[in-house]
Amino acid sequence: NNISNTGSGSPDGKFASVNFDSESVASNGDTGSHSDNSGNFNGGRKSRDEKTIMDLGIPYSSERIINCSMDDFNSMLVSGGMTEEQINTCRDIRRRGKNKVAAQNCRKRKVDQITLLAEEVEQAREKKNRIMSEREALGAAL
């Protein structure tokens with residue numbers, strides 16, 4: 001995102017110019033991690049959560065822990081025969097995963113809002129230019 005107060009398009013220089021390029025704004029909520037064909041992110045390395053799951057011997061994947069319903073998650077914790085440490089780790093993994101998704105959605109909403117506001121500013125500029133042209137035409141007619 002480039003936001004600069006160049007005053008371009010505005011005679012008094014009060015409007016900021018907002019420019020987006022396709023590389024700096026990811027429309028799909030991508031946070032910059034890249035996936036290989038195996039579905040692992042960051043070049044095939046395991047995430048911190050996946051390593052913790054393996055180290056503690058938790059019988060569920062991080063994807064399942066994060067994406068299952070709350071009822072299924074609670075059933076997993078109760079019937080899984082896991083230690084207190086494993087249960088707390090599962091809760092932490094789920095909380096971080098849900099927070100990651102919420103943060104991605106928030107960033108997308110922010111970009112969408114900025115785009116909408118930039119369009120509204122452009123429409124206001126066009127309306128102002130039309131009014132100024134009409135004013136000049138009326139002043140010349142007198």
Side-chain angles (χ1 to χ4, degrees), residues 1-140:
N1 302 4
N2 292 328
I3 300 177
S4 59
N5 191 1
T6 60
S8 61
S10 175
D12 52 8
K14 290 183 180 177
F15 290 109
S17 175
V18 180
N19 300 314
F20 295 101
D21 61 10
S22 60
E23 291 179 18
S24 67
V25 178
S27 62
N28 62 357
D30 184 16
T31 58
S33 297
H34 298 287
S35 174
D36 62 11
N37 291 334
S38 67
N40 290 330
F41 288 89
N42 300 322
R45 295 181 303 186
K46 293 188 176 174
S47 71
R48 176 179 77 169
D49 289 339
E50 290 168 336
K51 288 179 184 176
T52 303
I53 287 171
M54 287 184 62
D55 291 345
L56 292 179
I58 296 172
Y60 306 107
S61 69
S62 61
E63 182 178 331
R64 181 169 179 200
I65 291 169
I66 294 166
N67 296 323
C68 68
S69 70
M70 195 65 203
D71 289 338
D72 290 344
F73 179 67
N74 286 329
S75 296
M76 282 172 27
L77 297 182
V78 172
S79 65
M82 296 188 288
T83 66
E84 195 65 31
E85 182 183 13
Q86 289 173 324
I87 289 172
N88 289 334
T89 300
C90 285
R91 287 184 177 132
D92 289 344
I93 290 169
R94 184 174 174 89
R95 179 180 38 81
R96 278 194 300 270
K98 296 285 187 182
N99 188 63
K100 179 181 177 181
V101 171
Q104 289 171 339
N105 291 337
C106 181
R107 285 188 289 272
K108 184 177 184 330
R109 279 193 307 271
K110 178 182 173 185
V111 168
D112 292 345
Q113 185 66 22
I114 289 171
T115 302
L116 177 68
L117 291 171
E119 290 171 2
E120 288 177 8
V121 166
E122 184 58 34
Q123 290 172 357
R125 286 181 181 150
E126 290 171 2
K127 182 177 180 180
K128 178 183 174 186
N129 289 337
R130 279 195 309 272
I131 291 170
M132 294 296 281
S133 296
E134 289 175 20
R135 181 177 173 197
E136 287 177 16
L138 290 173

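Numbering of residues begins at 1 and proceeds along the displayed sequence.
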*Is there side-chain contact between Tyr60 and Gln86, with heavy atoms separated by less than 4.5 Å?*
no

*So, does Glu50 use its side chain to make a donor-acceptor pair with the main chain of Ser47 at under 3.5 Å?*
yes

*Distance, nearest 0.5 Å, that separates CG of Asn74 from SG of Cys90*: 11.5 Å

*Does atom CD of Glu120 have more than 12 heavy-atom neighbours, drawn from other residues, nucleotides or ligands, at distances under 6.0 Å?*
yes

*Drop me the distance from Thr52's OG1 to Ile58's CD1, to the nearest 0.5 angstrom.*
7.5 Å

*asked:* For Lys98, is the NZ atom crowded, meaning more than 12 foreign heavy atoms sit under 6.0 Å from it?
replied: yes

*Is it the case that more than 12 heavy atoms not belonging to Glu126 sit under 6.0 Å from its CD atom?*
yes

*Minimum-distance pair of heavy atoms, taken over all atoms of Leu77 and Met82*: CD2-CE, 3.8 Å

*Roughly how far apart are Met76 CE and Asp72 CG, rounded to 0.5 Å?*
8.0 Å

*What closest approach, in Å, do Ile65 and Arg94 show between heavy atoms, and which atom pair accounts for it?*
O-NH1, 2.8 Å

_Quick check against the 3.5 Å criterion: does Asn67 have a side-chain atom that pairs as donor or acceptor with the backbone of Glu63?_
yes

_For the CZ atom on Arg48, are there more than 12 heavy atoms of other groups (residues, nucleotides or ligands in this structure) within a distance under 6.0 Å?_
no

*Hey, what do you get for NZ (Lys51) to CD1 (Ile53), rounding to the nearest 0.5 Å?*
13.0 Å

*Looking at CG of Leu56 and CG of Asn88, how far apart are the two atoms once the value is rounded to the nearest 0.5 Å?*
10.5 Å

_Just verifying a value: how many Å separate Gln123 CD and Lys127 NZ, rounded to the nearest 0.5 Å?_
10.5 Å

*Check against salt bridge (Lys or Arg N to Asp or Glu O under 4.0 Å), Arg109 and Asp112*: CA-CA 5 Å; Arg109 279 193 307 271; Asp112 292 345; over 6 Å; no

*Do Arg64 and Phe73 come close enough that some side-chain heavy atom pair is under 4.5 Å?*
no

